[in-house]
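Notes to accompany the following structure.
It should be emphasised that the depicted structure is a prediction, and the values quoted were computed from it without experimental measurement.
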Amino acid sequence: ERSLCNDTNGLTLCFQDWNVTWYTPHPDLTQCFQHTVLVWFPCFYLWVCAPFYCLYLRFYDNGHISISSLCCAKTGLCLCLAFFGFLEMVYLLHTARNTLCPQILAVLVIHLERLKGFRSSIFLFLFWTLAVICSLVPLRSCVLQGFSADAMRFVAFFTFFSLQLAQLILSCFADQRPATLKPNPCPVEDASFLSKVLFWWYGRLVVKGYRSPLKAEDLWSLREEDTSEKIICDLEKEWAKQESAMNGAQALGYKLSEQTQLLRKLHKEQSSGFCLLRTLAKNFGPYFLTGTLCLVIQDVFMFSIPQVLSLLLGFVRDEDAPLWKGYVFAFLMVLLSCLQSLFNHQYMYTCFTVGMRVKTAVMGLVYRKSLVINSAARRTCTVGEIVNLVSADTQKLMDFVVYFNAVWVAPIEIALCLFFLWQRLGPSALAGIATVILIFPLNGFIAKMRSKLQVQMKYMDGRIKLMNEILSGIKILKIYAWENAFRERVLGYREKELNALKKSQILYSISIIAFAMFGVYVLIDEKHVLDAEKVFVSMALINILKAPLSQLPFAMSTTMQVSGSTVIQTFERLYVEGVVIDNGTFSWSKDSTPCLRRIDVKVQRGSLVAVVGHVGSGKSSLLSAMLGEMEKKSGHVTVSGSVAYVPQQAWIQNATLKDNILFGRERKDRWYQKVLEACALLPDLEILPARDATEIGEKGLNLSGGQKQRVSLARAVYRKADIYLLDDPLSAVDAHVGQHIFEKVIGPNGVLKNKTRILVTHGLSFLPQADLILVMEDGEITEMGSYAELLSRKNTFADFVKAFSVSERKESATHRGNFENENDVEEHIFTLLSILFNEVETWEVPVYKPWRPFLTQNRSRTRRKLEDSPKLTKLIQVKLEMYVDYFRTIGLAFIIPIIFLYAFQQAASLAYNYWLSLWADDPIVNGTQVNTDLKLGVFGALGFAQVFGTTVAISLGGIIASRHLHLDLVNNVLHSPMSFFESTPSGNLLNRFSKEIDAIDCMIPDGLKMMLGYVFKLLEVFIIVLMATPFAGVIVLPLTLLYAFIQSFYVATSCQLRRLESVSRSPIYTHFNETVQGVSVIRAFGEQSRFILLANSRVDHNQTSYFPRFVATRWLAVNLEFLGNLLVLAAAILSVMGRSTLSPGIVGLAVSHSLQVTGILSWIVRAWTDVENNIVSVERVKEYAETTKEAPWTIENSPLPLDWPRSGSIGFQEYGLQYRRGLDWALKEISLSVNEREKVGIVGRTGAGKSSLALGIFRILEAAKGKIFIDGINIAEVGLHELRSRITIIPQDPVLFSGSLRMNLDPFDGYTDEEVWRALELAHLKNFVSGLPDKLNHECSEGGENLSLGQRQLVCLARALLRKTKILVLDEATAAVDLETDNLIQSTIRTQFEDCTVLTIAHRLNTIMDYTRVIVMDRGHITEMDSPSNLISQRGQFYRMCREAGLV
């Protein structure tokens, strides 16, 4: 042996003796090869790679692992192996030079890894795998030679091999982690290398999800690198680097907090889109590149498989080839297939992990962006759009991450396929290339068309934005009976969206590559024959080609969409550093005309400044300018000290009353009590079910206007800021409460007496106590000075005061009477509150407060657990009903043809492939095959028979279903009573309209399309494999059962994870929604960082269920593809065994088809799971069908006269009202009749039942007992729309919708332009509107924010004047306007509604002193009723109220 390896001829024989290794029925490797290459190769790997690996470990530090039993066992085995190596060296000196003793090095690596906290080593795993594989051939030789040849050598080798095998097994396990503080850590951190590759670490969760419904607590914590805090922190550092690179290294003189720094980066970043992508690429690029490497390796294996198939088919054709070669090819093909699966899924796992991190990053950035966005930007970018950015656009970025590599890999794969096809078929492959070149522009065209369907996204944005407004202003829609007009607007958007969707579904490309290539090949030259090898290797290559061809358009369109979608423009925000405004000019956006001009203000510390002026004169804008919320055109603004801001419309969070007031500060009891007392909140607390721990509904839905304003004020007072900007906080409260608050809080003796206070007000009685008064007109300060100074100047202000002080002058007199007891709060509202927020179980609305865990109230947490589990078990039973519902919506007539089309298409495909195998087996006569033209004709016909519009049919069916389901959802939501909206968070409803409807539009039809296609394809493969090797049936059956078993585990868990994920998604939207609406308050209070932390926790909570969801897919795919590879093995082995009876054509057909099984299985389950997951959306959309509904809008054949009500008389007959059955009565036994043309004022303390009376007339609340008659007709017998459209209300909160001004006045287009202008003139808006560039078509922004509150109030008056019904209800409608406008409104109402019945719920008693009657209410009863003069003379409750208001 020694001589064999020493002489040169022997050395060549060592490596090249093919007679020993290949051309023999009993193959073996030469002894020399076994003793050199097989021994050296693992050692060589270890010694060469170890230095690089140690260098890598130097930078990796994950804590120190103490010596464990596993570590000891590995070290011990290594030392034993080293000892054996040493013995062998001594015992057999002639092999000494072949042993490089790598085991000592392995021991060193083991301990270095332990010190660096590396728990599972891929490096050593590969070394031991190589060592064991290289020892297998010598082991076989030893066994064949037998024990007797060299007993000592045999025992030594066998022991050595056993120890190596033990080492390999041990290296499959991971060492224990250093002690961790995380609850329920993610098992991937504990998993060994093998477990990570095969996703075994995930198995426990799948089993748990199968056995019992998963709860949020069962999910693992996020790994540190996946948390918002870490991701945003790293991004921020990267951003800082980029910025310093752009600006040159500028050292900051002071250290900004991380959050402020990030906000700073966001402002300065103008080219935000590319910078964002660049920063994301730098942060996530390295990890993403490891995935890309896996993709490249996967491609290598993928292209090797057809080559091995070619060898296998050659073997079947060659009858003399030894049998072992067939087995080698069969096993090699399966091995390559398995490795391809492993690398492919590692790549997908990496992509999804990066996608998840990108999603977290973008959500974090958009949230921080929404905190710094300025007013101009906020006008162009509504709440709905921001929510859509967070939901839909982050999804697109994630798709982009997954498909990005396809953009460059797909063309390479296509080129390689065509190269290998050229090898097989020569120039005929050009026909295939030509087909591809034709398909390319088609695919490009499709991608372009699909990206044009961004239009669909535009419509979707519009629809969601409109829905958001409808949900915000639902009360107004109901009172005005405008639901139908807005329903039509929503459906208009929806129709356009579906049409765009329909067009996109019809675009899909067909594949005729095989037909073109084989056709050209046989037609060019009759000597060209198609044999099995050419046909099926080409077919395998064409199958590979299909994937990149189908991915490419998708990848291109995703890339286009990302470039068009998430590039968020960044707006610079003015930073307010220290209140002096020096020659300031301000506008709402860079391009708009200035709305404040020549502003010069200097406010002394500790002074009280009052700002007065007409509606729309720029009072609120002045405060916005001080806050830095406006675009500064020129001048300087300095605000020194901390700021607290009370907006004109109070912003209330969906949290407890206490949290709303503390607003993130710690509670100091004495100060807290003092604030509650000063802001007149103590009486309210008495009535709250849980006092200040009672939870307030979204946007403060269950508080009255006055209560919201007082909570908003208390929040500011509690803050102890230096400067207070108060935007008319006293307008929403009753006069005596306003007086109390002024004295206790704002005035010279209030708790804020030493602070700087800037108060916008319409109340003249407060002005004498102000240090400085600013009079505003048309965006300019026309006068400035103290009360006495301004009066002495005898200018506009003096005239103004003279005109309006008659009724108000005495109001500054201190009011008497026991304020605390009189200001009882509306009890029924708070009992309602207790029902809604503390006893959720009794409420019928199925979805309720999914984000309660964030409110850190344990009782609500436990309640969620209780609610969730029965709901989940119910969910699994509901599944079938949802499918039935969905298919019923499409209709049976549509479904049966679809199934037939699919069956026909697959039959054609089967015939097509079988025909090809028959052709390939055709005998060759004189170097040609007969009837080539006929065969080609049949082949082509079968090919084209497959191109049926099945996919289009399913898409159209899906669109039919989604149209119906969306229509039902809109109808169900609009038909719901007000109580439903008060208890259902708008985030939940918006989620239904965006994410769930999107799932029904796209995901379900796509899933069904894929699933049906692949199920039929699988049937075809099974039929073909069974035709070729019937014996494979023995394997097919258990495989199918195993497949169903694994799949059932997966689907159960996956659906629950999807559900947990969508439940945790709503709070993100709700929080975004709330933040965008209250952003000026959050900024003024400097609370950004707390809100950012809150947003982080919500995003992280959502990701804890998203992460296991996508890993589930990988776990499933790896397991299934290994099952599928068993079928490949079976088909290949059986083909080898039955070589004598089988033709190469049928073997090629069976094996090439079985190779597709792995992919098909994965796709079926993926599609099935998509459908399973998204079918939940059908239930979530349909669940609102089961909630309680209002009475019908119209009653058919109703005998109601067209001009009803003719006279306008109203009669209450023992009328009683409850907010909910079982609660206290809001109105008790009200009997009263109002005559036609009578003017009645309704007064009373907060909570007396004044508003309830109005709600009763409009049937917003239905009567609990008694009746209301209008013109003698019982209103309970009239349709809601017939009732609400025939009477008019001017509501307390003036709500406008985005759209034209004309649409806001007359959504049904029922009036002429002349009538609309006339109404505007009477509402004193004509001058303002005619001054606008678009006149009546002036676009109102969301919520009417581009009009002042007073102007919005006047628009509501114009609506009433336009409708001009016989009954008018005024609900505290004059609270937000100045006195002059108030007088104008009153005179308009007196003259224009002279022949109408008017009911006024009055705040200012002077407005109703000339009414025919006044009703005084208290706790739901009428206590006094007579003319104002009679009531004053009776000296009762009304007299006391007038005396407090200074009217007597």
Begin with the C-alpha distance, continue with both residues' side-chain angles, and end with the deciding distance and a verdict on side-chain contact (heavy atoms from CB on, under 4.5 Å) for Ile464 and Asn468. CA-CA 6 Å; Ile464 290 165; Asn468 187 39; 5.5 Å; no

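- When all heavy atoms of Leu1305 and Ala1358 are compared, the pair lying nearest together is CD2-CB, 3.6 Å.
- Salt bridge absent: Arg1318 and Glu1315 never bring a charged side-chain N and a carboxylate O closer than 4.0 Å.
- Once rounded to the nearest 0.5 Å, the distance linking CD1 of Ile1389 with SG of Cys1396 reads 10.5 Å.
- For Val1243 against Lys1250, the heavy-atom pair with the smallest separation is C-CD, 3.6 Å.
- Residues that satisfy the salt bridge (Lys or Arg N to Asp or Glu O under 4.0 Å) test with Arg1286, not counting sequence neighbours, are absent from this structure.
- Annotation: side chain to side chain contact (heavy atoms under 4.5 Å, CB included) contacts of Ala1360 (sequence neighbours excluded): Thr1288, Ile1290, Leu1368, Phe1393.
- Minimum heavy-atom separation, Ile1000 to Val1181: CD1-CG2, 3.9 Å.
- By the side chain to side chain donor-acceptor pair (under 3.5 Å) test, Asn1304 pairs with no residue at all, sequence neighbours left out.
- In terms of heavy atoms, Gly1279 sits closest to Ile1195 at N-CD1, 3.6 Å.
- Here the side chains of Phe1328 and Leu1347 are in contact, with some heavy-atom distance below 4.5 Å.
- The salt bridge (Lys or Arg N to Asp or Glu O under 4.0 Å) check on Asp1306 picks up Arg1302, with sequence neighbours excluded.
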Check step by step if salt bridge (charged side-chain N to carboxylate O under 4.0 Å, His left out) holds for Glu1183 and Arg1180. CA-CA 5 Å; Glu1183 71 192 344; Arg1180 286 169 71 98; 5.5 Å; no

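- Ser1207 and Asp1271 form a side-chain donor-acceptor contact under 3.5 Å, judged by distance and modelled atom types alone.
- Residues satisfying the side chain to side chain donor-acceptor pair (under 3.5 Å) criterion with Glu1229, sequence neighbours excluded, are Lys1265.
- For Arg463, the salt bridge (Lys or Arg N to Asp or Glu O under 4.0 Å) test picks out Glu497, with sequence neighbours left out.
- Paired with Val970 under the rule side chain to side chain contact (heavy atoms under 4.5 Å, CB included), one option of Asn972, Val973, Asp968, Leu974 passes, and it is Leu974.
- Donor-acceptor pairing under 3.5 Å is recorded for the side chains of Tyr1411 and Thr1400.
- The distance from atom CE of Met1303 to atom CD of Glu1339, rounded to the nearest 0.5 Å, is 8.0 Å.
- Note that OG1 of Thr1070 and CG of Asn991 are 8.5 Å apart. Values are rounded to the nearest 0.5 Å.
- By the side chain to side chain donor-acceptor pair (under 3.5 Å) test, Asp1410 pairs with Arg1390, sequence neighbours left out.
- Partners of Glu1238 according to the side chain to side chain contact (heavy atoms under 4.5 Å, CB included) rule, which considers only residues two or more places apart in sequence or in another chain, are Val1234, Asn1235, Val1240, Thr1412, Arg1413.
- The structure places CG of Leu1232 at 11.5 Å from CD of Gln1213, a figure rounded to the nearest 0.5 Å.
- Applying the ring-ring contact (aromatic ring centres under 6.0 Å, His included) test to pairs two or more places apart or on separate chains, those with a residue in residues 1260-1298 are Phe486-Phe1297, Trp1193-His1281.
- A 4.5 Å side-chain heavy-atom check between Lys1366 and Trp1204 finds every atom pair outside the cut-off.
- Not counting sequence neighbours, Thr1194 has no partner by the side chain to side chain donor-acceptor pair (under 3.5 Å) test.
- Rounding to the nearest 0.5 Å places CG of Leu1325 at 8.0 Å from CG of Leu1357.
- Defined by atom type and a distance below 3.5 Å, a donor-acceptor pair is present between the side-chain atoms of Thr1187 and Lys1189.
- Here the side chains of Tyr480 and Arg1363 are in contact, with some heavy-atom distance below 4.5 Å.
- Side-chain contact check for Cys1356 versus Ile476: every heavy-atom pair is 4.5 Å or farther apart.
- For the atom pair Glu1424 CD and Ile1415 CD1, the distance stands at 12.0 Å (nearest 0.5 Å).
- Every salt bridge (Lys or Arg N to Asp or Glu O under 4.0 Å) that Glu1190 has, sequence neighbours left out, goes to Lys478, Arg1284.
- Phe1212 is linked by a ring pair (Phe, Tyr, Trp, His ring centres under 6.0 Å) to Tyr1215, counting only residues two or more places apart in sequence or in another chain.
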Checking Val1329 against Gln1351 for the side-chain contact (heavy atoms from CB on, under 4.5 Å) test, could you report, in this order, the C-alpha distance in whole Å, the side-chain angles of both residues, the deciding distance, and whether it holds? CA-CA 10 Å; Val1329 177; Gln1351 285 165 335; over 6 Å; no

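- Side-chain contact check for Arg1359 versus Trp482: some heavy-atom pair is nearer than 4.5 Å.
- Nearest heavy atom pair, residue Leu1399 against residue Ile1210, reads CD1-CD1, 4.0 Å.
- Taking the side chain as every heavy atom from C-beta outward, Val1295 and Glu469 never approach each other to under 4.5 Å.
- The minimum heavy-atom distance linking Ala1226 with Ser1252 is given by the pair CB-OG, 4.2 Å.
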